[in-house]
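What follows is a short report on a single structure.
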Amino acid sequence: MIQNVLVLGAGSAGLIAAISVKRKIPQLNVRVVRSPDIGVIGVGEGTTPNFPKHMFDYLGISRRYFYAAAQPTWKIGIRFLWGPREKFFYTFSLQLDSHWAEMARPIGYYCDEDFGYADLPAALMAHDKVFARQPNSAPDIQPWHGFHVENRKLVDVLETIARDVGVEIIDGKVSGAERGDKGISAVFLEDGRKLEADFFVDSSGFRSELIGRTFEEPFISFDRSLFCDRAVVGGWARSDEPILPYTTAETMDAGWSWQIEHEHFVNRGYVYASQAISDDEAEAEFRRKNPKVPSTRVVKFRSGRYRHSWVDNVVAIGNSGGFVEPLEATALMVVCSQSQTLVDFLLHSGLSPTPTMRKLYNEMVAMMWDEIRDFLAVHYRANTRLDTPFWRHCREDTDVSSIEPLLEFYKENGPTGFARHLIPSTGSNFGIEGFLVMLVGNRVPYKAKYHPTPAEWEVWKRRRSELAAQARAGLDIKEALAYVRHPEWQWFGDSAR
Ligand SMILES: Cc1cc2nc3c(=O)[nH]c(=O)nc-3n(C[C@H](O)[C@H](O)[C@H](O)COP(=O)(O)OP(=O)(O)OC[C@H]3O[C@@H](n4cnc5c(N)ncnc54)[C@H](O)[C@@H]3O)c2cc1C
């Protein structure tokens with residue numbers, strides 16, 4: 001039976017895993033070892049809605065505390081400057097995969113020409129507002145939001161929470177591991193200390209110390225679907241720019257650029273393929289489009305996953321086990337999901353996980369990564385905005401073979417949610433809605449065009465003007481933050497800390 005857990009790494013992944021395990025299985029002794037010399041990656045600042053759900057609903061962390069300490073802003077979607085349209089919005093709600101009673105078809109069929117907004121979150125995004133207003137003027141904070149949160153602030157807050165819940169944090173650099181009959185029995189630190197445990201979480205970031213280096217688990221590269229492998233990162237102190245309630249993803253010559261909206265800082269980064277553009281050229285293009293950036297740094301990465309994320313008594317969580325480039329900001333989503341599944345598997349096995357549980361866990365994690373890969377691949381395959389060599393290569397050569405049936409179905413039938421039966425897994429936050437937004441947003445052609453009746457267009461116009469009115473009356477991020485920071489603001493069901 002597992003009694004002692006050692007987490008290698010105190011980035012956001014290691015800390016979330018440690019807090020989850022300790023909070024849900026308090027009888028376990030949970031320690032984290034981290035190297036202050038190596039530090040944390042310092043990027044990874046956009047989340048999906050499962051992150052706040054994990055923090056507040058699952059772990060019971062106080063919203064009041066988290067908002068004060070981590071200072072997140074809300075992210076209600078991604079604004080894509082992508083494809084033939086000027087822009088389109090991807091929200092965390094069900095927009096296209098929904099059906100209004102008065103209309104014959106799902107909403108996607110009405111968005112060919114004008115894919116502005118067809119639900120409240122998208123209408124809010126279109127008006128740069130984050131939440132609708134309640135009758136008392138306060139923000140109506142709905143669960144379809146993620147966060148923008150600065151990586152270093154998040155890591156500091158997670159460290160405080162980890163200590164609070166009883167996790168011990170040890171500073172030291174791991175230099176090797178001792179193998180035992182169950183897998184790993186101890187790790188050695190450079191200063192000679194030996195840390196024993198009967199279960200290990202490898203959250204050592206891209207170094208992948210245990211799963212990669214010690215176990216030499218094969219790495220499955222996604223390089224036939226995702227060509228980008230570097231990012232040039234920079235940002236500037238916010239002056240009078242409005243704080244936008246979404247991430248912007250903008251097409252660039254050899255990749256794309258993010259804009260992440262912190263309260264006092266605008267974070268930008270250009271994700272590119274080193275085979276298509278040099279670091280210097282990428283930096284020059286990035287600076288040309290972002291003249292306010294004072295300095296930049298390059299981060300290298302590879303998209304893919306280890307064949308197994310759980311081997312013997314080691315499970316990899318975070319960048320150590322898998323990573324896809326950040327176009328949909330999915331890493332923390334996977335970290336939270338993996339942490340919850342690990343906790344469940346430990347609990348359901350009475351702290352003695354069986355080989356079949358390990359096998360199932362590996363299959364579930366692999367499916368999640370592969371689905372995200374497929375979803376991102378469609379972003380590249382469908383984007384016709386630029387005619388550079390990189391984008392021509394993406395349109396022609398991005399491997400989408402595992403979702404070919406879905407694409408064929410769409411090309412014949414258009415945006416019906418029945419296509420959900422053709423995606424390999426529905427384990428992510430995206431599901432068929434995500435694929436439909438990409439296909440409709442990029443105006444991928446389909447044969448079975450639908451021509452709405454005049455009566456339907458009347459309903460469409462009326463609904464959209466109602467949505468616009470509701471959005472216009474909503475709150476922007478500044479006003480909503482002022483509400484939740486007011487001493488009298490009450491979070492429904494908030495815990496003490
Ligand atoms: C360009 C880019 C953009 C990204 N954007 C997003 C995003 O918007 N949203 C998102 O969710 N994710 C994003 N990510 C992923 C992001 O990095 C992760 O979400 C997140 O920060 C988790 O990192 P981590 O904890 O796995 O690794 P790290 O932060 O690198 O932490 C690794 C830890 O392991 C320790 N360590 C390593 N080796 C040793 C050793 N030998 N001994 C002791 N300690 C060791 C380090 O000291 C550190 O504490 C992005 C990644 C990149 C590259």
Side-chain angles (χ1 to χ4, degrees), residues 6-18 31-51 54 75 78 146-156 158-159 162 169-177 187-191 193 195 200-214 228-234 247 249 255-262 267-272 296-303 309 316-339 372 429:
L6 184 69
V7 179
L8 202 180
S12 36
L15 291 168
I16 289 171
R31 295 181 296 169
V32 174
V33 58
R34 54 110 190 260
S35 160
D37 292 343
I38 296 172
V40 297
I41 190 166
V43 284
E45 313 208 308
T47 84
T48 63
N50 90 327
F51 176 78
H54 186 83
K75 166 183 173 183
I78 302 175
F147 285 141
H148 288 143
V149 56
E150 290 180 48
N151 182 266
R152 279 163 214 280
K153 278 188 189 152
L154 175 62
V155 168
D156 287 349
L158 291 172
E159 185 176 333
I169 297 182
I170 300 162
D171 285 342
K173 185 171 175 193
V174 171
S175 56
V187 294
F188 298 106
L189 305 190
E190 263 186 357
D191 59 15
R193 279 178 291 169
L195 303 177
F200 293 81
V201 177
D202 182 356
S203 289
S204 57
F206 289 138
R207 296 169 67 93
S208 199
E209 296 281 3
L210 302 180
I211 285 287
R213 290 189 192 198
T214 305
C228 291
D229 57 359
R230 290 189 191 182
V232 52
V233 183
T247 299
W256 64 279
S257 169
W258 75 69
Q259 176 160 322
I260 285 183
E261 308 279 340
H262 301 304
N267 177 338
R268 294 221 71 175
Y270 176 7
V271 175
Y272 58 95
T296 62
R297 69 182 169 116
V298 170
V299 182
K300 296 182 185 173
F301 56 81
R302 58 179 182 174
S303 286
S309 57
I317 296 186
N319 294 347
S320 58
F323 177 75
V324 294
E325 61 125 292
L327 186 46
E328 287 281 348
T330 43
L332 290 171
M333 174 182 96
V334 178
V335 166
C336 295
S337 165
Q338 267 193 278
S339 299
I372 298 171
N429 277 215

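Remember, predicted model here, so these are calculated numbers, not experimental data. Just so you know, ligand 1 is whichever comes first in the structure, and atom 1 is the first atom listed for that ligand.
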- Does a donor on one side chain and an acceptor on the other come within less than 3.5 Å for S35 and D37? no
Return a table of N or O atom pairs, ligand 1 on one side and protein on the other, at distances under 3.5 Å, rounded to 0.1 Å.
unit_1   : atom_1 : unit_2 : atom_2 : d
ligand 1 : 8 (O)  : E45    : N      : 3.4
ligand 1 : 8 (O)  : G46    : N      : 3.2
ligand 1 : 9 (N)  : G46    : O      : 2.7
ligand 1 : 11 (O) : G46    : O      : 3.4
ligand 1 : 11 (O) : A331   : N      : 3.4
ligand 1 : 11 (O) : L332   : N      : 2.8
ligand 1 : 17 (O) : V43    : O      : 3.4
ligand 1 : 17 (O) : N319   : ND2    : 3.0
ligand 1 : 21 (O) : S12    : OG     : 3.2
ligand 1 : 21 (O) : V43    : O      : 3.4
ligand 1 : 21 (O) : N151   : ND2    : 3.4
ligand 1 : 25 (O) : S12    : N      : 3.4
ligand 1 : 25 (O) : A13    : N      : 3.1
ligand 1 : 26 (O) : N319   : N      : 2.9
ligand 1 : 29 (O) : I41    : N      : 3.1
ligand 1 : 30 (O) : I41    : N      : 3.4
ligand 1 : 34 (O) : S203   : O      : 3.4
ligand 1 : 38 (N) : R207   : NE     : 3.2
ligand 1 : 41 (N) : V174   : O      : 3.1
ligand 1 : 41 (N) : E209   : OE2    : 2.8
ligand 1 : 42 (N) : V174   : N      : 2.8
ligand 1 : 44 (N) : S35    : N      : 3.1
ligand 1 : 47 (O) : S35    : N      : 3.4
ligand 1 : 47 (O) : S35    : O      : 3.0
ligand 1 : 47 (O) : G39    : O      : 3.1
ligand 1 : 49 (O) : A10    : N      : 2.9

- Note on the structure: The reported gap from CG in L154 to CZ in F147 (rounded to nearest 0.5 angstrom) is 10.0 Å
- Query: Excluding sequence neighbours, so at least two apart, what forms side chain to side chain donor-acceptor pair (under 3.5 Å) with E209?
  - Reply: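 Checked E209 against side chain to side chain donor-acceptor pair (under 3.5 Å); matches are R207.
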- Query: With sequence neighbours excluded, what pairs up with D171 under the side chain to side chain donor-acceptor pair (under 3.5 Å) test?
  - Reply: R34
- Query: Aromatic ring centroids of F206 and F323 under 6.0 Å?
  - Reply: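 Yes, the ring centres sit under 6.0 Å apart.
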- Item | Listed partners of A17 passing side chain to side chain contact (heavy atoms under 4.5 Å, CB included), at least two apart |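 With sequence neighbours excluded, A17 shows a side chain to side chain contact (heavy atoms under 4.5 Å, CB included) to V201, I317, S339, given in chain and number order.
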